[in-house]
Every structure is written in C-alpha cells, then in structure tokens.
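Beneath this line is the structure, given in structure tokens, with notes to follow.
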Amino acid sequence: MPELPEVETVMSGMRRSICDKRIDRVQVKRKDLRIPVNDDFAQQLSSKSIKSLTRRGKYIIMGLDPDNLHVILHLGMSGRIRIFGAGERYEPRKHDHIIVHLEDGTIFAFEDPRRFGLMYIASEKDWCKEKPFISMGPEPLEDWCAQDLLAKLKNKKANIKISLLDQRVVVGLGNIYVCEALYYAGVSPLRAANTISEDEAERIVKISKEVLEKAIKAGGSTLKDYQHTDGSLGYFQHSFTVYDQEGEDCSRPSCKAKIKRITQGGRSSFYCPKCQK
DNA sequence: CTCCTGTCCTGCCGGC
DNA sequence: TGCCGGCAGGACAGGA
C-alpha cells in the first residue's frame, strides 16, 4: 500500500526519532515475514548504533555501526512503523512482528498484518549491489528523465500501466500513483509501452514527479509529530482523482465521461476513457 | 530475454 | 446477525 511518498515520510520520521541512537535489544515475535527473519537477527542488531536512514524505491535502509550492517525494511502493503518516545508506553498490537528497544528508552515496532513486508540484514556491506537493488530503475524524483523512460519503453510490448509499475523502469510508483499520473498525463493505461511518444513520456515523467512531490508534502504536513510515525495515516490524500472513483464523473468540468475500472495484470486500473488516449 | 499468471496474507465489505 | 466470497496490494517464482 505505501508507495514512495508514504515510505519517504516514514523514513524521515524514523530518521528524526531513532538516528544516532544505540539499540539495546530486539524482540522478534514472528519470523515468517515474506523473507524469513534469520535466527541471529536480534543478536546482530543488539548494541549497534543506528547511523543512517535512507530510502531506495519503496525500501527503507537502516545503516548500523560498528560492522557497517544494513537493515532492509519494506512495508509491503500493510506495514507500519510505530515509534514510542522515551517517556511513552509501548502499546503492543497483535501484528507487531519486530520490536526494537533503544538505549534511551525509545521503542519502535514493525507492524504488518498481511506480512507482505520484510525486514532483514543485507548480506553485502554494499547493499545496493545486491538483490532487489541491483536491477532497480531510477528514483523518480532524482535522476529520472523522459529520455530514460522512452529508452526503457522502446522494446516493451506490455502496456504503459504495467510498465510503470515495473521496478526496473522506475522505482517507487505503485498502483494508485500510476493511475493518477496517467490520468493527468492524458495517457490511457491500455497503451502499449512502445507506442508512447516523446511528448507523452515528457508528460508522464513531469506529472509523476508532481504527483509524488505533492503527496510527500501532504504527508509532511500531516505528520507534524514524528514521534508518532504511524502508518495509520496511510495515504496522505483521502481521496484520489481517478483511483477508486469508478462510476464517478471525470474531474475535468468539460468532460462528461465516467471513470472506468479495468483489470490489468490482476490489478485495478481507473481511468477516463475520454481524456486518456 | 520478455511476458503473463499465480502466490503469499489478513482485514474489510457486500451479499445473502 | 453471522458467515462466506472476493478483493486489495508489491514483489517474485515459474512457465510459456
């Protein structure tokens, strides 16, 4: 569920609350996450200092010293990080799988009812040289441009919707923001990737950036108190322009069409059949 | 190599 | 009211 803006906000919250603190102990309540938690996970983390928090795509990377270890965290679709400051009491929840106690009394819990998420220690010190990261496409808000997108779409027969969800094309976009971006770009989700023009690629890139930036801003202003880095806020806009708007009027005043829902790759796409060509 | 489908998991919601 | 089926989603495995 969380896409780039949500992950970015959770990561910033963690950075403010737990960076430069030392881990006291770690409780692993459930090992069977999407990737099983290693038996020595808790042991490896204990007494390490949290030196950095970064994000790559929808992954959060926590750097630990000494030993330069990296904890890789993915929120899946129902994952949350709840942080309790030194004075607060930790309130356990049913699906708190991993609970990290810091030496200053701060506690953070990884909660994930559906267990699509994961938390593990990278096997390489250079985490970006291993598995999910090695084949990742550009960060949409940093090094992404229309030429890069166009080059990646050139030989793709798949449709543009599926292509934009492909991590190798660009990272961080999920079902919701892809629907929104394609709507504002005026591009139908059904279009074959290799038929996207330079002009359309420009629009997709520009608008995706805007949609993501706007959502990050909304998240930043919503989460004033990062002590409660609580994924329960979920998406930062309560409703979207096309996502989940099946049967509603298209938001353009001059367009009288209704938003349509179709299934692509087993996932819902929402679009305006009149505005998106 | 690309494409496509199935799988994992739980909570929630609509229908009967 | 309670139960059941279907759906939601990111990432990946495996078959074509």
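Since the model is a prediction, treat every value here as computed from it, not as a measurement. Below, read A as the first sequence line, B as the second, and so on, with proteins coming before strands; counting in each chain starts at 1.
For the pair A/Leu73 CG and C/dA11 P, the interatomic distance rounds to 13 Å; values are reported in whole Å. Atom P of nucleotide B/dT2 and atom CG of A/Asn155 are separated by 9 Å, given to the nearest angstrom. In this structure, CD of A/Gln264 is placed 11 Å from P of B/dC4, rounded to the nearest angstrom. One can place CG of A/Leu33 at 15 Å from C1' of C/dG10, the figure rounded to the nearest angstrom. To the nearest angstrom, C1' of C/dA11 lies 6 Å from OH of A/Tyr59. The interatomic distance linking A/Asp244 (CG) with B/dC13 (P) rounds to 12 Å, in whole Å. As rounded to whole Å, 12 Å separates atom P of C/dA11 from atom CZ of A/Arg56. We find that NZ of A/Lys157 is positioned 9 Å from P of B/dC4, with the value rounded to whole Å.
OP1 or OP2 of C/dG10 has not a single side-chain nitrogen or oxygen of A/His74 nearer than 4.0 Å. Phosphate contact (OP1/OP2 of B/dG11, side-chain N/O of A/His95, threshold under 4.0 Å): present. Checking the phosphate oxygens (OP1, OP2) of B/dT2, no side-chain nitrogen or oxygen of A/Lys156 falls inside 4.0 Å. Checking the phosphate oxygens (OP1, OP2) of C/dA11, a side-chain nitrogen or oxygen of A/Gln167 falls inside 4.0 Å. The shortest distance between the side-chain N/O atoms of A/Arg267 and the OP1/OP2 oxygens of C/dG10 is below 4.0 Å. Here A/Ser78 does not reach the OP1 or OP2 of B/dC9: none of its side-chain N or O atoms lies under 4.0 Å away. For the OP1/OP2 pair of C/dC7 and a distance below 4.0 Å, the side-chain nitrogens and oxygens of A/Arg261 include no atom meeting the criterion.
Between A/Asp67 and A/Lys48 a salt bridge is recorded (basic side-chain N to carboxylate O distance below 4.0 Å). The existence of a salt bridge linking A/Glu210 and A/Lys206 is confirmed by a sub-4.0 Å separation between a basic side-chain nitrogen and an acidic carboxylate oxygen. The pair A/Lys31-A/Asp39 meets the salt-bridge criterion, with a side-chain N (NZ, NE, NH1 or NH2) lying under 4.0 Å from an Asp/Glu carboxylate O. Looking at A/Lys21 and A/Asp104, a side-chain N of the basic residue comes within less than 4.0 Å of a carboxylate O on the acidic one, giving a salt bridge. Ion pairing between A/Glu246 and A/Lys258 fails under the 4.0 Å rule for side-chain N and carboxylate O.
Stem regions annotated for DNA chain C: B:2-16 with C:2-16, counting only runs of 3 or more consecutive pairs of Watson-Crick or G-U type with both contacts under 3.5 Å.
Of the listed residues (A/His97, A/His95, A/His74), just one forms a side-chain contact (heavy atoms from CB on, under 4.5 Å) with A/Asp112, and that residue is A/His97.
Considering only the side chain of A/Phe116, B/dC9 comes nearest among B/dC9, B/dG11, C/dC12. For A/Ala158, whose side chain is taken as the heavy atoms from C-beta onward, the closest listed nucleotide among C/dC12, B/dT10, B/dC3 is B/dC3. Side chain of A/Arg168, nearest nucleotide from B/dT2, C/dG10, B/dG11: B/dT2.
The neighbour count for A/Lys274 NZ, taken as heavy atoms of other residues, nucleotides or ligands under 6.0 Å away, is above 12.
On a pure distance criterion of 3.5 Å, a polar donor-acceptor pair joins the side chain of A/Arg114 and the base of C/dA8.
Cation-pi contact between A/Arg252 and A/Tyr183: present, with separation from the ring centre below 6.0 Å and deviation from the ring axis of at most 45°.
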